[in-house]
Asks: 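Here it is, the structure in full.
Every heavy atom of this structure was used, including side-chain atoms; hydrogens, water molecules and symmetry mates were not. Numbers here simply count residues along the sequence, with the first being 1.
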Amino acid sequence: MTTSTALLLADLTGVAVFAASGASAAVAKRLDLFGVVFVGVVAALGGGIFRDLVIDEVPPLAFADWRYAVTAAVTAAAVFRLHPQLARLRTTVLVLDAAGLGLFTVTGTLKALDAHVPAVGACMIGTLTAIGGGLGRDLLTGEIPVVLRREIYAVAALAGSIVVALLVAYGQVKAVPLIAAAIFVFVLRLVALRRRWSAPVATLRPPRTGTRGPQG
């Protein structure tokens, strides 16, 4: 299997996983079939469209290759049809989202590096590719985006993109190391959820009362 074929398969797998994540979130909000498919497609393709536009690959693969849109739409429709069998949808969304985060982190960073984007920029693109779909899903379903909460989400994607950049720098552009990088992001995200790890937030101090004004 060539690198390009492996990258395509990883990309389509990420599309399917994020489509399932978006569709599950839409089902939990009791949207109709069109709404479920729409949210699933946005969640699946949003990050990749951003990535392709940034690296000047136009039209984006989501529009140029029918397999992307069809994979997203069919997966979302399948989730709508099978959702009674999907127990505990919230848990399902979180697990699928973590899997998509790992896959899109790897493919986004690799594609940026292949487009000769410097390592730092490639890591940024990989991170934004990974979080873009979840951002669109949360906005459409009326949730505060995960990336803006205290949870370890974008940090996990950034850590994974750095791992990918290091692997490429040392010539380890093979399936096993890259799969390991995706699994690293997936596990880091789930462990952070399990252990309730969070990024620091600013401490708001209440306004001081009873201050005395200037003496007249």
Asks: What pairs of donor and acceptor atoms, side-chain ones from residues 58-74 against any protein atom, are under 3.5 angstrom apart with sequence neighbours left out?
Replies:
| from | atom 1 | to | atom 2 | distance (Å) |
| --- | --- | --- | --- | --- |
| D65 | OD1 | R67 | N | 3.0 |
| D65 | OD1 | R67 | NE | 3.0 |
| D65 | OD2 | R67 | NE | 3.2 |
| D65 | OD2 | R67 | NH2 | 2.7 |
| Y68 | OH | D11 | OD2 | 2.8 |
| T71 | OG1 | R67 | O | 2.6 |

Asks: Going by the side chain to side chain contact (heavy atoms under 4.5 Å, CB included) test, name the single residue among V185, L190, V191 that passes it with V187.
Replies: V191
Asks: Between V15 and F104, does a side chain to side chain contact (heavy atoms under 4.5 Å, CB included) hold up when you go through it step by step?
Replies: CA-CA 8 Å; V15 165; F104 272 12; 3.9 Å; yes
Asks: Same hydrophobic cluster for L45 and F50, using side-chain heavy-atom links shorter than 4.5 Å among ILVMFWY?
Replies: yes
Asks: Other than V176, which residues form its hydrophobic cluster under the rule that side-chain heavy atoms must be closer than 4.5 Å?
Replies: none
Asks: Compare every heavy atom of V39 with every heavy atom of A26, then report the nearest pair and how far apart it is.
Replies: CB-CB, 4.0 Å
Asks: Could you measure the distance from the CZ atom of R51 to the OG1 atom of T107? Nearest 0.5 Å is fine.
Replies: 5.5 Å
Asks: Rounded to the nearest 0.5 Å, how far does SG of C123 lie from CG of L166?
Replies: 7.5 Å
Asks: What distance separates E57 CD from D52 CG, expressed to the nearest 0.5 Å?
Replies: 4.5 Å
Asks: In terms of hydrophobic clustering (I, L, V, M, F, W, Y; side-chain heavy atoms under 4.5 Å; direct or indirect links), are L96 and V79 co-clustered?
Replies: no
Asks: Hey, does the side chain of R137 reach the backbone of V42 with a donor-acceptor pair shorter than 3.5 angstrom?
Replies: no
Asks: Please name the pair of heavy atoms, one in A115 and one in I55, separated by the smallest distance, quoted to 0.1 Å.
Replies: CB-CB, 4.0 Å
Asks: Is it true that L139 and V36 fall in one hydrophobic cluster, defined by side-chain heavy atoms closer than 4.5 Å?
Replies: yes
Asks: Apply the test side chain to side chain contact (heavy atoms under 4.5 Å, CB included) to residues L31 and F38: give CA-CA distance (whole Å), side-chain angles for both, the deciding distance (0.1 Å), then the verdict.
Replies: CA-CA 10 Å; L31 302 187; F38 182 76; over 6 Å; no
Asks: Looking only at non-hydrogen atoms, find the nearest pair between L113 and V117 and report the distance.
Replies: CD2-O, 3.8 Å
Asks: Side chain to side chain contact (heavy atoms under 4.5 Å, CB included) for V95 and F186? Distances and angles first, verdict last.
Replies: CA-CA 8 Å; V95 173; F186 174 72; 4.2 Å; yes
Asks: Enter the distance from T105:OG1 to I125:CD1 here, rounded to the nearest 0.5 Å.
Replies: 13.0 Å
Asks: Minimum heavy-atom separation for A181 to V164, with atom names?
Replies: CB-CG2, 3.9 Å
Asks: List the steps, then state whether side chain to side chain contact (heavy atoms under 4.5 Å, CB included) holds for R81 with L33.
Replies: CA-CA 9 Å; R81 176 68 179 83; L33 174 60; over 6 Å; no
Asks: At what distance, to the nearest 0.5 angstrom, does CG of L103 lie from CG of L12?
Replies: 11.0 Å
Asks: Do you reckon V106 sits in the same ILVMFWY cluster as L188, going by side-chain contacts under 4.5 Å, direct or chained?
Replies: yes
Asks: How close do V17 and G100 get, heavy atom to heavy atom, and via which atoms?
Replies: CG1-N, 3.4 Å
Asks: Kindly compute the distance separating CG (D138) from OG1 (T141), expressed to the nearest 0.5 Å.
Replies: 5.0 Å
Asks: To check you understand the geometry: which heavy-atom pair defines the closest contact between D97 and Y153, and what is its length?
Replies: OD2-CE1, 2.8 Å
Asks: In terms of hydrophobic clusters joined by side-chain contacts under 4.5 Å, are V120 and V163 together?
Replies: no
